[in-house]
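This report concerns only the one structure given below.
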Amino acid sequence: VKRGDISFNMSGGEQLRDYLHVSKVAKYLVDLTLQMKDLGVVNVCSGQPVSVRKLIEDILVEKNWSIKLNLHHYPYLDYEPMAFWGDKSKLDNNIES
């Protein structure tokens, strides 16, 4: 968008991922760190799957950007799962979301 491109090349966008804005990640990390206790491994995640296409479409609406999505330009990678997201139960049990 900033370069003035009229289209954005991407896969079909059907992959499901766990998206969490960096500001929320930072807040969770600070909250966990300030507890000053060993919690072991904690998934810092939303716990909710979202399609890559929906994520991009929502960002375009939020930013009021108009750029055409060139879907299926890139193939799906055979070594990458089509769907994965985190379990945030341990995160929820240790901090306030």
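- Rounded to the nearest 0.5 angstrom, Lys68 NZ and Asp5 CG are separated by 13.0 Å.
- Of all heavy-atom pairs between Tyr76 and Gly12, the closest is OH-CA, 3.1 Å.
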Verdict with supporting geometry, Met10 and His73, side chain to side chain contact (heavy atoms under 4.5 Å, CB included): CA-CA 5 Å; Met10 59 181 285; His73 179 80; over 6 Å; no
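- A single hydrophobic cluster is seen to contain both Leu55 and Ile67, as judged by linkage of ILVMFWY side chains at heavy-atom distances under 4.5 Å, directly or through other members.
- The side-chain heavy atoms of Glu14 and Arg53, taken from C-beta on, include no pair separated by under 4.5 Å.
- Following chains of ILVMFWY side-chain contacts shorter than 4.5 Å, one can reach Leu71 starting from Ile59, so the two form part of one hydrophobic cluster.
- Closest approach of Leu16 to Pro49, counting heavy atoms only: CB-CB, 4.2 Å.
- Of all the heavy atoms in Gly13 and Ser51, the pair that sits closest is O-CB, 3.5 Å.
- For the residue pair Asn43 / Asp87, no side-chain donor-acceptor distance below 3.5 Å is found, with atom types taken as modelled.
- In this structure a side-chain-to-backbone donor-acceptor pair under 3.5 Å is missing from Lys24 to Ser46.
- Note on Val25 and Ile95: same hydrophobic cluster, where clusters join Ile, Leu, Val, Met, Phe, Trp and Tyr whose side-chain heavy atoms are under 4.5 Å apart, directly or indirectly.
- Side-chain atoms of Asn70 and Phe8, non-hydrogen and from C-beta on, never get closer than 4.5 Å to each other.
- The structure places SG of Cys45 at 11.5 Å from CH2 of Trp85, a figure rounded to the nearest 0.5 Å.
- Under the 4.5 Å side-chain heavy-atom criterion for grouping Ile, Leu, Val, Met, Phe, Trp and Tyr, Val1 is connected to Val52 within one hydrophobic cluster.
- Atom-to-atom distance recorded for Trp65:CH2 and Glu57:CD is 14.5 Å, nearest 0.5 angstrom.
- Tyr19 places none of its side-chain heavy atoms less than 4.5 Å from the side chain of Lys54.
- In terms of heavy-atom proximity, Lys88 sits nearest to Gly47 at CD-N, 3.9 Å.
- If you chain together hydrophobic residues whose side chains sit under 4.5 Å apart, Val50 and Leu60 fall into the same group.
- Summarising the local packing, CD1 of Ile6 is surrounded by 12 or fewer heavy atoms from other residues, nucleotides or ligands at distances under 6.0 Å.
- Looking at heavy atoms from C-beta onward, Asp18 lies out of side-chain contact with Phe84 at the 4.5 angstrom threshold.
- The pair Arg17-Glu80 meets the salt-bridge criterion, with a side-chain N (NZ, NE, NH1 or NH2) lying under 4.0 Å from an Asp/Glu carboxylate O.
- A heavy-atom distance below 4.5 Å is found between the side chains of Val44 and Leu32.
- Of the candidates Asp31, Val30, Leu29, Lys27 forms a side chain to side chain contact (heavy atoms under 4.5 Å, CB included) with just one, namely Asp31.
- A donor-acceptor pair is defined here as one N or O able to donate and one able to accept, closer than 3.5 Å; no such pair exists between the side chain of Gln15 and the backbone of Pro81.
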